[in-house]
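To start, the structure under review is shown below, and the notes come after it.
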Amino acid sequence: MNIFMDFQRRVAGLLAGIVKAGNLPQTLDLTRFVVEPPRDPSHGDLSTNAAMVYAKEAKAAGSNARTLAIEIAAGLAEQPDVDQAEVAGPGFINIRLKPVVYTEVLRAVLNGDGRFGASVQTDSSPVNVEYVSANPTGPMHVGHARGAVFGDALASLLAFAGRKVTREYYINDAGAQVDVLARSAHLRYLQALGDDIKAIPEGLYPGDYLVPVGEALAREFGASLRGKPQEEWLPVVRARAIDAMMAMIREDLKALNVVHDLFSSERALTGVDGGADQVRAAIDDLRARGIVYLGRLEPPKGAPIEDWEDREQTLFRSTDFGDDVDRPLIKSDGGYTYFATDIAYHKSKIDRGFLALVDVWGADHGGYVKRMQAAVAAVSNGKATLDVRLCQLVRLMRAGEPVKMSKRSGDFVTLREVVDEVGVDAVRFMMLLRKNDAPLDFDLAKVIEQSQDNPVFYVQYAHARGSSVLRQGRTTFPDLDLSPKALANANLALLDDESEGAILRLIAQFPRIVDQAATAREPHRVAFYAHDLATSFHAHWNRGKDLPHLRFVNEINRDLTNARMALASSVTLVLAAALAILGVKAPQEMR
RNA sequence: GCACCCGUAGCUCAGCUGGAUAGAGCGCUGCCCUCCGAAGGCAGAGGCCAGGGGUUCGAAUCCCUUCGGGUGCGCCA
């Protein structure tokens, strides 16, 4: 139940009637106006700009904005659940609803089995969300965490909003990086056999996390890989190392409460281990359509490239699809570029029936967006769209001081360390409380603080407090049924205090927030909403300190207590739904 | 040089896809706390929305431009 969408339809209906009466032109785009909560609550419950939006059309039909506003307001005022509709300011129509509307909202929450606000989107088509996709060459560090949390929350948000979501992880297990991994693991293997490997050479992965991989190789193969040429041991070691890294990454994801439906392998697309070469197939297909050709590129401007070699190469005509230059698909050593395999990968998503693709990347890949969108357009004949959400980097702080991170030395801060220190809920909520394209300072000292300064604590506390209020009510009136379904039958008209009204209005907005956050693909809006709802709940609770008659439990008024239990229950249900989207626990009590 | 992102209170950031008087937290100032949970509560000050043009009934929001930051710029991913 989305009262904003509901009234959007009603106003559209009134406009259609006015069109019929000849006071507006026949061809009227009825989607241009909005129904929204007015910023100033004294203006009522809903507000629409419809009359102003169609001012020009009204004039053309011999009317004007003012007259149109009056007509719409008159139509609205006749509706049974509208208390009052009046024209205000430059032509806004402010609508005051009858209290029964909020009674119905609460009933929808209480009877909704946690689905209040769900499935608000008219579009329920499948959408593919790809996120994390970290190289399987080591444990996840905090830089990965943001994209992981963002992607996971976005996927949950879209699913809650009614889209059919597939969550995907692309394993970059082809290319030079995993060969470096294999050589690094091989060194640890020799070490496990007792060889003196001295320092890890420059360019290899020095982290200790490869030691157990070396030991496992020694257990499995004994000394049989020692002394063999690299061509023989590398594929074997690589496969074991990638498996070990992916197992580690899955553990990291689990610790972060991040889930995926599907892990797709880049290597499998190339067919190097047998199977079809889907990369080649994709390139051939594009070549047949004239989108792939042999040509030369200009050397890039800016930082000079030392070993630039002018050569004729296989290029993708991405400039036909909005990119700045055409992009190479085959490296000088004959292997596929990352872009080539990525084209095949995105094609595979499209072939699996997805026309809506979302990729979550780090901001350092921003320069890659245009060519990938060009590729998706080319491969799908313009049918599929790729939306790339870039996450800015995270600066890890401790009490205001940056924490040094150096991946090369192997002592970078891992995701696991941060989760262990501050908890998964804090990590997730803090990362979602920022727009994804804004940089984020993550202060370890601050997020474990248990005070109102800490938004994670503040929101969770609101849920715990709501639960506590229900426990309190149960103690005072042991015979009351405080299950949501039973509370839906409470006399909700008794909730007539102004700060109760503020909470009711916020609850009514939840479906709208979900809808807009899903459309904008911005889960942070849900985080801010949860914080707002928590604020208004805490504020109302605090009013009970000075005004005892506003307290949730009223020992001499059973019906009033019951109604207020319904309010408390609704707040916890909506908070729980919002927190579930964010992947943050909604605790019954704080400890 | 080019592309993308960003610039809103002292600080960290929202701003509902163009609406009414610009929002929150921290910090600051003042008052309050015997009271369902004080790991507090209430209130106040604080703004040329980086600058300049444009579009329109109406712009922090859309377009152009200048300045200032960030990220990238064959054969890494």
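Order of the sequence lines fixes the chain letters, A, B, ..., with proteins taken first and strands second; residue numbering starts at 1 for each chain.
Applying the 6.0 Å contact sphere to CD of A/Glu298 captures no more than 12 heavy atoms from other residues, nucleotides or ligands. Shown here is A/Arg474, whose CZ atom has more than 12 heavy atoms of other residues, nucleotides or ligands within 6.0 Å.
In this model, a side-chain donor or acceptor of A/Ser47 finds a partner on the base of B/A20 within 3.5 Å. Counting distance only, with no hydrogens placed and no angle test, the side-chain atoms of A/Asn542 and the base atoms of B/C42 include no donor-acceptor pair under 3.5 Å. Remark: the A/Asn454 side chain and the B/A39 base include no donor-acceptor N/O pair separated by less than 3.5 Å.
Rounded to whole Å, the C1' atom of B/C76 lies 49 Å from the corresponding atom of B/U56. B/C11 sits 31 Å from B/C2 when the P atoms are compared, rounded to a whole Å. B/A43 and B/C63 are spaced 39 Å apart, taking the P atom of each and rounding to whole Å. Comparing B/G70 with B/C31, their C1' atoms are spaced 44 Å from each other, to the whole Å. For B/C4 and B/C62, the P atoms lie 14 Å apart once the distance is rounded to whole Å. With both ends at atom C1', the span from B/C73 to B/U12 equals 32 Å, rounded to whole Å. Rounded to whole Å, the C1' atom of B/G7 lies 15 Å from the corresponding atom of B/G15. A distance of about 14 Å separates the C1' atoms of B/C16 and B/A60, rounded to the whole Å.
Between A/His531 and B/C13 there is no side-chain polar atom (N or O) within less than 4.0 angstrom of OP1 or OP2. Put simply, A/Gln516 has a side-chain N or O that comes within less than 4.0 Å of OP1 or OP2 on B/U17. Proximity of A/Arg465 to the phosphate of B/G37: no side-chain N or O atom is located under 4.0 Å from OP1 or OP2. For B/G15, one of the phosphate oxygens OP1 or OP2 lies less than 4.0 angstrom from a side-chain nitrogen or oxygen of A/Lys435. Between B/U12 and A/Arg434, no contact under 4.0 Å exists linking OP1 or OP2 to a side-chain N or O. In this model, the phosphate group of B/G37 is not approached by any side-chain N or O of A/Lys545 to a distance below 4.0 Å at OP1 or OP2. For B/C16, neither phosphate oxygen OP1 nor OP2 lies less than 4.0 angstrom from any side-chain nitrogen or oxygen of A/Gln509.
With ring centers used as reference points, A/Phe510 lies under 6.0 Å from A/Tyr529. A centroid separation of less than 6.0 Å is found between the aromatic rings of A/Phe339 and A/Phe316. Aromatic rings of A/His43 and A/Phe92 (six-membered ring for Trp) have centroids beyond the 6.0 Å cut-off, not under it.
Side chain of A/Arg434 to backbone of A/His524: no donor-acceptor contact under 3.5 angstrom is found.
Along RNA chain B, the nucleotide nearest A/Val469 and the nucleotide nearest A/Leu390 are compared for position; the residue whose nucleotide lies closer to the 5' end is A/Leu390.
Ring-to-base geometry does not place A/Phe552 in a stacked arrangement with B/C36 (centre distance under 5.5 Å, plane angle under 30° required). B/A20 has its base stacked against the ring of A/Phe92, the centroids being under 5.5 angstrom apart at an interplanar angle below 30°. With its ring centre under 5.5 Å from that of the base six-membered ring and a plane angle below 30°, A/His43 counts as stacked on B/A20.
Between the CG atom of A/Asn436 and the C1' atom of B/G70 there is a distance of 15 Å, given to the nearest Å. To the nearest angstrom, P of B/C13 lies 16 Å from CD of A/Glu522. The CG-C1' distance, from A/Asp326 to B/A3, rounds to 15 Å in whole Å.
Residues satisfying the side chain to side chain contact (heavy atoms under 4.5 Å, CB included) test with A/Glu36, not counting sequence neighbours, are A/Val34, A/Arg512.
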**OP:** Would you check, one step at a time, whether the test side-chain contact (heavy atoms from CB on, under 4.5 Å) holds for A/Ile513 with A/Phe528?
**Re:** CA-CA 10 Å; A/Ile513 295 289; A/Phe528 278 93; over 6 Å; no

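Below 30°, between 30° and 60°, or above 60°: for A/Tyr54 and A/Phe33 the angle between ring planes is above 60°, a perpendicular geometry. Classification of the A/Phe552-A/His540 ring pair by plane angle, with boundaries at 30° and 60°, yields perpendicular.
In plain terms, the two heavy atoms of A/Val388 and A/Gln373 that are nearest each other are N-NE2, 4.4 Å.
Residues from residues 59-68 of chain A placing a heavy atom under 4.0 Å of any atom in RNA chain B do not occur.
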Original post:
Taking only Watson-Crick and G-U wobble pairs with both distances under 3.5 Å, what dot-bracket line describes RNA chain B, where [ ] shows pairs that cross earlier ones and | shows pairs with another strand?
Top reply: (((((.(..((((.....[...)))).(((((.......))))).....(((((..]....)))))).)))))....

